[in-house]
Amino acid sequence: MAVAMFVRSPELRRSEYDRLIARLDLDANPPVGQLLHLAVEREELVECVEVWRTAASALAYLETRLGPRLEGLGAGAPEVDLVPLHNLFAPDVDAIGLLGGVSLPARVAGAALS
């Protein structure tokens, strides 16, 4: 069953999020089972919502890729809510690329890969 994963890290600001995304190398090496990733800024912090094919694939990503890289940035363990997906509606999925902040590549300007 598909799930939604809500991820909050109390110390993850936009600049740290950009470095995190660069380190995760999602464009070149997408996580198995991930269908969608959204990031929003709220009160200067970045929160993410992801859709996964299964809870197992979401948890594996959290343990093996996301968690260790967050710790490497000094952000600590994130707050995570994993819930069954009830509905996903995207009436104009082709327009998503026109929105602007789509698929932040690993070569983000100013993002250090070290």
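In what follows, every heavy atom counts, from backbone to side chain, and hydrogens, waters and symmetry copies are set aside.
- Considering all non-hydrogen atoms of both residues, M5 and L82 come closest at CB-CD1, 3.6 Å.
- P10 has its side chain within reach of E79: a pair of non-hydrogen atoms, C-beta onward, lies under 4.5 Å apart.
- More than 12 heavy atoms of other residues, nucleotides or ligands sit less than 6.0 Å from atom CZ of R8.
- A distance-only check finds no donor-acceptor pair linking the side chain of E63 to the backbone of A60 [under 3.5 Å].
- For A39, the side chain to side chain contact (heavy atoms under 4.5 Å, CB included) partners two or more places apart in sequence, or in a different chain, are Y17, H37, V46, C48.
- For residues 45-79, every residue pair satisfying the ring-ring contact (aromatic ring centres under 6.0 Å, His included) rule, not counting sequence neighbours, is listed here: W52-Y61.
- Considering only residues two or more places apart in sequence or on other chains, S57 meets the side-chain hydrogen bond (donor to acceptor under 3.5 Å, both in side chains) condition with T54.
- Using a 4.5 Å heavy-atom threshold, the side chains of E41 and R14 count as touching.
- Between L26 and P31, the closest heavy-atom pair is CD2-CD, 3.7 Å.
- Linking ILVMFWY side-chain heavy atoms closer than 4.5 Å, directly or via other members, places V40 and V7 in two distinct hydrophobic clusters.
- The two residues P84 and M1 make their nearest non-hydrogen contact at CB-SD, 3.4 Å.
- With hydrophobic clusters built from ILVMFWY side chains whose heavy atoms lie under 4.5 angstrom apart, L59 shares a cluster with L24.
- Between E16 atom CD and I21 atom CD1 the span is 13.0 Å, to the nearest 0.5 Å.
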Does the side-chain contact (heavy atoms from CB on, under 4.5 Å) test come out yes or no for L12 and L70, once each step is laid out?
CA-CA 9 Å; L12 191 64; L70 277 170; 4.2 Å; yes
Going through the checks in order, is the side-chain contact (heavy atoms from CB on, under 4.5 Å) test met by L36 and V49?
CA-CA 8 Å; L36 180 70; V49 179; over 6 Å; no
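- When all heavy atoms are compared, the tightest approach of R69 to R23 is NE-O, 3.4 Å.
- A continuous path of hydrophobic side-chain contacts links L20 to V80 [ILVMFWY only; heavy atoms under 4.5 Å].
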